[in-house]
Amino acid sequence: AGHDPIYILAVLAGALRSLVLVWWGLDHGKLKEATQGLHPFVVRKNLELARRADTARLRMNYDAILGADVELKTGKPPPPLPLFKLVVAGSRPKTSA
């Protein structure tokens, strides 16, 4: 729809933040406290993802979004490229080593 790449990245970061809050609440037995600022629909939507998430994967996603954010804001590559790389890297099939 022609949204700015920085806006799209901010939306992705917000979605990851919501997922992390739900994950942390489940992991520590404090779901209600951790998600009190979130709409109940958002919590329900993220529950299954949070149950399957692990610390390493969440950290990897956070690092990827942070890296794309830095690239977009420093202007090293053209604006849509960091967002494109983020999406393509996330869509690659997982390989076993």
Side-chain angles (χ1 to χ4, degrees):
H3 290 289
D4 189 285
I6 292 176
Y7 171 80
I8 295 170
L9 196 58
V11 171
L12 290 172
L16 181 59
R17 184 174 26 259
S18 296
L19 174 60
V20 168
L21 285 172
V22 173
W23 173 83
W24 188 91
L26 284 173
D27 193 55
H28 291 84
K30 298 180 179 183
L31 182 61
K32 191 170 188 172
E33 294 91 340
T35 60
Q36 70 185 26
L38 297 176
H39 191 279
F41 173 77
V42 174
V43 175
R44 283 191 310 270
K45 184 176 82 169
N46 281 292
L47 274 173
E48 188 56 36
L49 287 172
R51 285 186 181 107
R52 295 187 321 231
D54 61 63
T55 307
R57 184 70 182 210
L58 292 171
R59 183 168 305 193
M60 183 183 71
N61 289 329
Y62 174 80
D63 289 343
I65 288 175
L66 181 63
D69 186 54
V70 168
E71 283 186 352
L72 276 171
K73 290 179 179 173
T74 58
K76 290 180 182 174
L81 188 58
L83 185 59
F84 179 76
K85 289 184 342 187
L86 178 69
V87 172
V88 168
S91 66
R92 283 190 205 137
K94 308 302 177 257
T95 59
S96 57

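- Residues Val20 and Leu12 fall within the same hydrophobic cluster, defined by Ile, Leu, Val, Met, Phe, Trp and Tyr side chains chained together at heavy-atom separations under 4.5 Å.
- Leu21 CG to Leu31 CG: the interatomic distance, rounded to the nearest 0.5 Å, is 10.0 Å.
- Between the side chain of Asp69 and the main chain of Ile65, no donor-acceptor pair closer than 3.5 Å is present.
- The hydrophobic clustering, which links ILVMFWY residues whose side-chain heavy atoms are closer than 4.5 Å, places Leu26 and Val43 together.
- When side chains are defined from C-beta on, Val42 does not count as touching Val22, because their heavy atoms never get closer than 4.5 Å.
- If you take OG1 on Thr55 and CH2 on Trp23, they are separated by 3.5 Å, rounding to the nearest 0.5 Å.
- In terms of heavy atoms, Pro82 sits closest to Pro77 at CG-CG, 3.6 Å.
- By the rule that hydrophobic residues join a cluster once side-chain heavy atoms approach within less than 4.5 Å of another member, Leu86 and Ile8 end up as members of one cluster.
- In the hydrophobic clustering of ILVMFWY residues, with side-chain heavy atoms under 4.5 Å counting as a link, Ile6 and Tyr62 come out together.
- Sorted by first and then second residue, the salt bridge (Lys or Arg N to Asp or Glu O under 4.0 Å) pairs with a member in residues 26-47 form an empty list; sequence neighbours excluded.
- Relative ring orientation between Trp24 and His28 is described as parallel, the plane-to-plane angle staying below 30° on a 0-90° scale split at 30° and 60°.
- Here Arg17 contributes atom CZ and Leu38 contributes atom CG; the two are 10.0 Å apart, rounded to the nearest 0.5 Å.
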